[in-house]
Amino acid sequence: MTRTSDRQIHSTQILRQKQFIRNENRKIRLLYLLRVFLFLFFLALWEFTASRGILNPFIFSSPSRVCETIGQWHSQNVLAVHIGSTMQETVISFLIVTVLGIASAIFLWRFPFIYRVLEPYFILFNSLPKSALAPLLIVWLGNQPRTIILVAVSLAIFSSILTLYNAFLQIDPDKIKLIRSLNGTRIHIVQKVLLPACIPVFISNMKVNIGLCLVGVIIGEFLAAREGLGYLIIYGSQVFKMDWVVAAILILCVIAIFLYAIITLTEKLYTGYYLKNK
Amino acid sequence: MDTILQVSSLGFEYQTRQTTVEVIRDLSMTVCRGEFISVVGPSGCGKSTLLDLICGLQKPVSGSVCFEGKAVEGTSTKIGYMLQKDHLFEWRSIERNVMLGPEINRKKRNTQKQAEDFLNKYDLSAFSHSKPSQLSGGMRQRAALIRTMMMHPKLLLLDEPFSALDYQTRLTVCNDIWTILKETEKTAILVTHDLAEAISTGDRVLILSKRPTRIEKEIPFDPEFQRLSPIERRKDPRFNQYFQILWEVFSHDSYQ
């Protein structure tokens, strides 16, 4: 008797479960729909107000004028050049920040006394608005890509080192004791505990850094470039071609999302590897 | 029976700006091969420090530790250490956690098979590719034991290895690990603040004083009692007698 009733309960449970999944899926579809709708609504409103003269298209531009501008750049073969140079500088500075950040944090973890010596300087440079340094760097290093890269690196590196160093300090000292009791050296501690334990921190730090590097590159290009999206923005505003400025900003939005997505993808690949493998 | 470990008038202290903290003063003890010693002491009395000194993680300020006739200088794979928590690495499978010791000491080649044997023997083979978080507390502690055993230590130091487990699991895991250590004829020193655990595992019990720590009293157990497993001991009438004796010592003024 209990058997049948159990089975009945079970089958109604399955129904409720299916209903729940259906509701959840509907919610997710609505979510995406609203996101896309919001974007299209904004574009339409913008285009409409600009074409009716409610907004002055000369100052506020409009979606059609932006498309036109991008089309022009493309036909003049300069679109790829500008995007390419901004991307290249961003990726290079990001790689430098990532590698230098991890290496310095390990070094400081190994020599905590040096960290104590440098601590006030780290705090100073971390809280200093780095854009203030940019003009100085241009005078010192000249009007060239490596100056821009340096501006971007200086923007992200100090907070990166501080974050990673503190993450290393959070590791349970008993985990280190375990490695030592197994006859391990400092290299083993770094290799078997420090680095693998901090991979989630590395990834979240990378997400912050890619954004900061893009900011740094744009600041650098404002001051010291003949190409790149930052150059387009500053040049456009100087000659009052607001279509240029808005088009460059929109391209920047796409680049920012794209770069962030790459890191998220790396994270997913890693987590997938981690869940599946060993 | 031959002596495996000789601790002679050991002393340890550390300095702060305010004061010098004397942790251990003039502590001597001898451990014979194959013995299971339990060490009890009030919390904060320097039990873990004692184990750190024995395995060479810290250097004594005075006195000496001799293991197999040689002074201990730095860590060695001959002395295994089990910490309070299992510290299995979440980013490694159980199998790779167990292989940590051989990996560090570059003996990976022949030990893979050994790891499998150990995991089989201690009922963990089904979990060798699982993450530590997928295991129960008891299984995790067994995995941690295998990780230590992989280095074939002659002496095992156990620093409250069951304290992170809930009461039921603690009894069974304690029994399991005790049985494994006895079967493999390991010498072991178990440090705990739990009197019942000390009585149920040791061949004899050393009672430590408050800081600065020395050995307050030694209570040897009846040889027949020694042969009983931890769970059997808890049912034995002598268990309560020994508990009374230990309780007397701990009720003394010097512990208040």
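The model shown is predicted, which means the values in this text are computed figures rather than measured ones.
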Legend entry - B/K85 and A/D172: CA distance, side-chain angles, deciding distance, side-chain contact (heavy atoms from CB on, under 4.5 Å) verdict: CA-CA 11 Å; B/K85 283 186 272 170; A/D172 189 339; 3.4 Å; yes

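Using a 4.5 Å heavy-atom threshold, the side chains of A/V193 and B/F89 count as touching. Two residues are said to be in side-chain contact when any heavy atoms from C-beta on lie closer than 4.5 Å; B/R92 and A/K192 meet this criterion.
Counting heavy-atom neighbours within 6.0 Å of B/R170 CZ, excluding the residue itself, gives a total above 12. The neighbour count for B/Y122 OH, taken as heavy atoms of other residues, nucleotides or ligands under 6.0 Å away, is above 12. Within 6.0 Å of CD1 in A/I187 there are 12 or fewer heavy atoms belonging to other residues, nucleotides or ligands.
Contacts between B/L57 and chain A at a heavy-atom distance below 4.5 Å involve backbone atoms as well as side-chain atoms. Interface residue B/S76: only backbone heavy atoms are found under 4.5 Å from chain A.
If you tally non-hydrogen atom pairs under 4.5 Å between each of B/L157, B/I79, B/I94, B/D52 and chain A, the highest count goes to B/D52. For the set B/I104, B/T75, B/T148, the count of heavy-atom pairs under 4.5 angstrom toward chain A peaks at B/I104.
Contact detail for A/L182 and B/N105: the closest heavy-atom pair is O-ND2, 3.0 Å.
Between the CG atom of A/D174 and the NE2 atom of B/H87 there is a distance of 4.0 Å, given to the nearest 0.5 Å. Of the inter-residue distances, the one linking B/R147 atom CZ with A/L178 atom CG reads 4.5 Å to the nearest 0.5 angstrom. Expressed to the nearest 0.5 Å, how far CD1 of A/I179 lies from CD of B/E103 amounts to 9.0 Å. Note that OG of B/S48 and NZ of A/K177 are 5.5 Å apart. Values are rounded to the nearest 0.5 Å.
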